[in-house]
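This report concerns only the one structure given below.
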Protein chains: 2
Amino acid sequence: MKEKEKNNNKDGMEISILNVAEKLFLEKGFNGVSTTQIAKIVGCNQALIHYYYRTKANLFQKVFENKLKYIISLFETIDDKNLSFQERLVIKIKSHFDALSQNPLLPMFILNEIRSNSSTISIIRETFKREAPILINRFEEELKIEINAKRIRNISALDLLMNIISLNIFVFLTRPIMEYVFVIDETKKNEMLENRKQEIVNTILNSLRP
Amino acid sequence: MKEKEKNNNKDGMEISILNVAEKLFLEKGFNGVSTTQIAKIVGCNQALIHYYYRTKANLFQKVFENKLKYIISLFETIDDKNLSFQERLVIKIKSHFDALSQNPLLPMFILNEIRSNSSTISIIRETFKREAPILINRFEEELKIEINAKRIRNISALDLLMNIISLNIFVFLTRPIMEYVFVIDETKKNEMLENRKQEIVNTILNSLRP
DNA sequence: ATTATCTATAGATCTATAGATAATGC
DNA sequence: ATTATCTATAGATCTATAGATAATGC
């Protein structure tokens, strides 16, 4: 059993390369991966990567943009207007946490690149500068109603958003340690994640009481 | 004005190399820095780095261990037994946040290495496996007293610790974006950090109410 | 004499390109 | 014909070492 995957040759090498690149970049970041490594796992030669994507930075960009789109989509969930603010908030927190559970490497991947990669940083910055205010303003409106009705304490939308994201990403950022120090098997791990998710919901809801 | 620093030649090249290495590794991680770059900034030639530290990994290890020691020291603050649990908790949260303010690159540095560097990961794991239970158990004792006295709600020491660390590290992890999207100048930035610190204290204290 | 620093270089990558060959679509 | 894939290689790193020279401590 070689490392090669001959990744569904059906969809062609172009896609296979992108898939393998995504997997490796998520694990090790831009600097941690070489086009030679990607080629080896894809099962082609290294030149082919440049035939399709010209440069390594270009290929990385493609992967990164896909991930950024995915993250933004996470925050564009449609609200059920029949539910209370609190019920909707719980759904948002849990679905954000669940999305991370299915993409556990994502938070580190994004954070790592906003630190080091000066070519992607401007993309992210612009994306955020464009998207964040819309998201925050919409959330702020909702919050104000609750605050004015004295159903929750006074807090800014940005602070609340940061609280939720902070709490949700943490276990995934520290996974390599957490698993070693606290986790024994897969069942225990899932149990621990469920508990943590519930604890985050409790923390946020309690922290909002007037 | 060259990039060279001729870093206090008094304390000798050995220390200068360590200092420059620390700075660069903190900014860009192990893979993002070459011994050639370090040498250029130190103002010596690249061979000297290997004369003192033999390998790049070795040099990195030295930097990393220092930082890990520093972080552990953050959690070994002496408590003033005249203060209430809540007062002591606030001091802990704030001093942890302040320590990060003075070492803003530290959280990302640590998280990045526990992801990628398989030689350091075992050091960290062992350190945590050794240190974490002591810290957590001590904290758990304190917590139980408060919980039994109904002064705070039921929560595990691990969850509370994770909450605090999560909330505190976030602004530093996302600094490159935050500064661009929300911050105009240095004064505004410090103001924002102060506000965030206070908001974290509020969040934690409120979340603990019975 | 010993320790610190330098020059030079081997050997291992790695990215990107040029040019050859194989596969495919009309 | 056009597109996909390969081989070969240039040129740029980068790490680590060997061996020469300079500085220092007795």
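Each chain gets a letter, A, B and so on, in the order its sequence line appears, and its residues count up from 1. Nothing here was measured: the structure is a model prediction, and the numbers come from that model. For the numbers below, each heavy atom of this structure counts, side chains included, while hydrogens, waters and symmetry mates do not.
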Distances under 3.5 Å between protein N/O atoms and the N/O atoms of nucleotides 22-26 of chain D, please, pair by pair.
none

- request: Return the nearest nucleotide to the side chain of A:Lys56; candidates are C:dT17, C:dC6, C:dT15.
  value: C:dT15
Nearest to side-chain heavy atoms of B:Asn45, which nucleotide of C:dT15, D:dT5, C:dT7: C:dT7
task: State whether A:Glu194 and A:Lys197 are salt-bridged, where the test is any N-O pair (Lys NZ or Arg NE/NH1/NH2 against Asp/Glu carboxylate O) under 4.0 Å.
output: yes
task: Write down the distance between NE2 (A:His50) and C1' (D:dT5), rounded to a whole number of angstrom.
output: 15 Å
field: Whole-Å gap separating P (D:dC6) and OH (A:Tyr52)
entry: 10 Å
task: For A:Asn31 and D:dC14, give me the distance from atom CG to atom C1', rounded to whole Å.
output: 13 Å
task: Return yes when atom NZ of A:Lys188 has more than 12 non-hydrogen atoms of other residues, nucleotides or ligands closer than 6.0 Å, and no otherwise.
output: no
- prompt: Aromatic rings B:Phe60 and B:Phe25: how do their planes relate, parallel, tilted or perpendicular, breaks at 30° and 60°?
  reply: perpendicular
task: Flag yes if more than 12 heavy atoms outside B:Glu126 fall under 6.0 Å of its CD atom; otherwise flag no.
output: yes
query: Taking atom C1' of D:dC6 as reference, at what distance in whole Å does atom NZ of A:Lys40 sit?
result: 17 Å
Rounded distance (Å) that lies between atom P of D:dT13 and atom CD1 of B:Ile38: 17 Å
Gap between atoms OH and P, on A:Tyr53 and C:dC14 respectively (whole Å): 20 Å
- prompt: Below 6.0 angstrom between ring centroids: does that apply to A:Phe139 and A:Phe75?
  reply: no
- prompt: With ring centroids as reference points, do A:Phe64 and A:Phe109 lie under 6.0 angstrom apart?
  reply: yes
field: Nucleotide of D:dA16, C:dA16, C:dC14 approaching A:Gln46 most closely (side-chain heavy atoms)
entry: C:dA16
statement: Separation of C:dA16 atom C1' from A:Ile17 atom CD1, nearest Å, is 14 Å
field: Sugar-phosphate, base or nothing in reach of B:Ser34, heavy atoms under 4.0 Å
entry: sugar-phosphate
message: With a 4.0 Å cut-off on N to O distance, would you call A:Lys81 and A:Glu87 a salt bridge?
response: no
- prompt: How is B:Tyr51 classified with respect to the nucleic acid when contacts are heavy atoms under 4.0 Å: base, sugar-phosphate, or nothing?
  reply: base
Lys/Arg N to Asp/Glu carboxylate O, B:Lys62 vs B:Glu22, below 4.0 Å: no
field: Side chain of A:Leu48 - closest among D:dT5, D:dC14, D:dA16
entry: D:dT5
message: At 4.0 Å (heavy atoms only), tell me whether A:Thr35 reaches a base, stays on the sugar-phosphate, or touches nothing.
response: sugar-phosphate
- prompt: When you measure from the side chain of B:Cys44, which nucleotide among D:dA16, C:dA16, C:dC6 comes out closest?
  reply: C:dC6
task: Send over the distance from B:Phe30 CZ to D:dC14 C1', rounded to a whole Å.
output: 11 Å
task: Counting heavy atoms from C-beta on, name the nucleotide in D:dT17, C:dT5, D:dA16 closest to the side chain of B:Arg54.
output: D:dT17
Selected nucleotide, minimal atom distance to B:Thr36 side chain, candidates C:dC14, D:dT15, D:dT17: D:dT15
query: Stems in DNA chain C: runs of 3 or more consecutive Watson-Crick or G-U pairs, distances under 3.5 Å?
result: C:1-24 with D:1-24
message: Salt bridge check, A:Glu27 against A:Lys23: does any charged N sit closer than 4.0 Å to a carboxylate O?
response: yes
query: Would B:Leu143 and B:Phe85 satisfy side chain to side chain contact (heavy atoms under 4.5 Å, CB included), going step by step from the backbone distance to the final call?
result: CA-CA 8 Å; B:Leu143 265 184; B:Phe85 172 79; 3.7 Å; yes
